[in-house]
Asker: 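I am attaching a structure below and will ask some questions about it afterwards.
None of these values were measured; they are calculated from a predicted model.
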Amino acid sequence: MKIRYIALLAVLSSALFLNTSISHAQTTKTERLFYFTDTPSARASLAKNIDKIDIFAPQTYSINKSLIPYGRLNKEVKNIIGNHKIKVMPLITNDGFRQDIIHNLLASSTAQERVINFMIKEAKNNNYYGWQFDLEHISSTDRDLFTQFIKKTNDVFQKNDLALSIAVVVKVDESTTSDWYKNWSGVFDYKAISQNSDFISIMTYDDPDSKGPTASIPYVIKTLEYILEDGIEPQKISLGIPAYYWSWATYPKLKRIRSGSYSRLLTIKARTNYKENFSEELGVPWISFKEYGVTYEVWYENQKSFNLKTDLINKYGLRGFSMWVMGMEDPSIWKSL
């Protein structure tokens with residue numbers, strides 16, 4: 001009887017442990033990072049939805065041609081944030097994504113230290129959670145220097161209790177001959193960068209070969225599976241999700257003409273006799289309409305396409321998502337959150 005009782009306790013303890021583990025897996029929270037540029041629509045979205053945001057990432061800081069960092073968070077935006085429990089992680093960019101700026105920065109340890117010290121001071125003065133490097137248009141020949149700069153920054157940040165994340169341009173192979181690789185994607189050593197930062201935001205927007213969506217589901221899956229081949233921990237990856245549309249003129253030939261917000265899309269719908277479509281293959285909605293003899297297509301993002309992308313976060317066990325950019329989104333996405 002005693003043996004049976006002990007065995008029963010062991011089974012119950014095992015079951016309790018398993019149930020706890022399952023419960024934890026099911027309730028792991030998706031980290032929601034929202035990018036922000038200071039516009040009236042972005043402020044309105046922030047004020048209305050702030051309680052649904054985990055990380056607020058304003059693009060408000062840059063490095064100029066003299067390699068001097070500058071910028072600040074607007075006081076009115078600070079007032080909106082107020083006492084909300086929200087992590088603030090500003091972006092810092094190379095002015096205008098100029099390649100010479102980032103190249104010169106990577107070649108100067110003095111300039112790097114100046115930038116790092118500036119970020120630490122700003123973070124302490126403003127109670128920032130950390131920073132995200134949104135450094136783009138970098139030559140692939142600077143790959144090692146860029147990785148070293150990330151490591152250098154991360155080492156200092158860790159000593160100052162600051163988080164570091166990196167916005168990375170996507171690639172789906174190591175084809176070194178394309179301009180996309182040479183000047184945009186090739187510089188990013190995904191595995192090394194992920195090992196020397198808290199997480200990376202993979203910008204699946206824009207698909208350089210697309211003839212429709214900014215980021216179709218097949219393209220997003222392709223980029224994710226490529227980056228995961230490096231053995232990167234999925235919890236180090238935040239999935240970039242676009243909030244904006246791409247529009248195309250389809251006559252006389254297909255040509256991308258502009259991007260825009262969901263509110264602008266509603267304006268287009270109001271003035272045109274459009275046809276609404278949803279591509280089950282690409283996982284993105286679109287409308288077509290005709291004006292002055294020209295046929296147009298607008299491939300946009302809505303709640304359904306948003307849900308399809310966030311489903312991938314669960315499928316691949318990712319950290320969460322990074323959405324570009326507040327104020328351009330379909331308001332219904334907030335219902336999904």
Asker: Hydrophobic cluster mates of Ile268, side-chain heavy atoms under 4.5 angstrom, ILVMFWY only, any path?
Answerer: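 Its cluster mates, by chain and number, are Tyr245, Ile257, Tyr262, Leu265, Leu266, Tyr274, Ile287, Phe289, Val294, Tyr296, Val298, Tyr300.
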Asker: Which residues satisfy the side-chain contact (heavy atoms from CB on, under 4.5 Å) test with Lys124, sequence neighbours excluded?
Answerer: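 Once residues adjacent in sequence are excluded, the partners of Lys124 under the side-chain contact (heavy atoms from CB on, under 4.5 Å) criterion are Ile120, Asn160.
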Asker: Ignoring hydrogens and geometry, is there a side-chain-to-backbone donor-acceptor pair from Asn94 to Glu136 under 3.5 Å?
Answerer: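 Yes, Asn94 side chain to Glu136 backbone: donor-acceptor pair under 3.5 Å.
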Asker: How would you list, by chain and number, every residue that makes a side-chain contact (heavy atoms from CB on, under 4.5 Å) with Asn74, sequence neighbours excluded?
Answerer: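 Asn74 satisfies side-chain contact (heavy atoms from CB on, under 4.5 Å) with Asp38, Arg43, Glu76, Val77 once adjacent residues are dropped.
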Asker: Residues in salt bridge (charged side-chain N to carboxylate O under 4.0 Å, His left out) with Lys171, at least two apart?
Answerer: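 Result, salt bridge (charged side-chain N to carboxylate O under 4.0 Å, His left out) vs Lys171: Glu174.
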Asker: Salt bridge (charged side-chain N to carboxylate O under 4.0 Å, His left out) with Asp144: which residues, sequence neighbours excluded?
Answerer: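 Residues passing salt bridge (charged side-chain N to carboxylate O under 4.0 Å, His left out) with Asp144: none at all.
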Asker: With clusters built from Ile, Leu, Val, Met, Phe, Trp and Tyr whose side-chain heavy atoms come within less than 4.5 Å, directly or transitively, what are the remaining members of the cluster of Tyr181, listed by chain and number?
Answerer: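 Reading the cluster by chain and number, Tyr181 sits alone, since nothing else belongs.
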Asker: Show me the donor-acceptor pairs, under 3.5 Å and distance only, between side chains in residues 248-255 and residues at least two apart or in other chains.
Answerer:
unit_1 : atom_1 : unit_2 : atom_2 : d
Trp248 : NE1    : Gly212 : O      : 2.9
Thr250 : OG1    : Thr295 : O      : 2.9

Asker: Assert yes or no for the condition that the ring centre distance of Trp246 to Tyr205 is strictly below 6.0 Å.
Answerer: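 That pair fails the under 6.0 Å test.
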Asker: Listed by chain and number, what are the salt bridge (charged side-chain N to carboxylate O under 4.0 Å, His left out) partners of Glu329, not counting sequence neighbours?
Answerer: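 Salt bridge (charged side-chain N to carboxylate O under 4.0 Å, His left out) list for Glu329, sorted by chain: empty.
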Asker: Return each pair, listed once, that meets side chain to side chain donor-acceptor pair (under 3.5 Å) where at least one residue sits in residues 57-69; pairs must be two or more places apart or across chains.
Answerer: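 Those involving residues 57-69 are Gln59-Asp134, Tyr61-Glu122, Tyr61-Tyr128, Ser62-Thr93, Ser62-Asp95.
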Asker: Quick one: list whatever passes side-chain contact (heavy atoms from CB on, under 4.5 Å) with Leu145, sequence neighbours left out.
Answerer: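 With neighbours one apart ignored, the set is Leu106, Asp142, Gln148.
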Asker: What pairs with Lys304 under salt bridge (charged side-chain N to carboxylate O under 4.0 Å, His left out), at least two apart in sequence or on another chain?
Answerer: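 So Lys304 forms a salt bridge (charged side-chain N to carboxylate O under 4.0 Å, His left out) with Glu280.
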Asker: Not counting sequence neighbours, which residues clear side-chain contact (heavy atoms from CB on, under 4.5 Å) with Asn125? List them please.
Answerer: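 side-chain contact (heavy atoms from CB on, under 4.5 Å) check on Asn125 returns Lys121.
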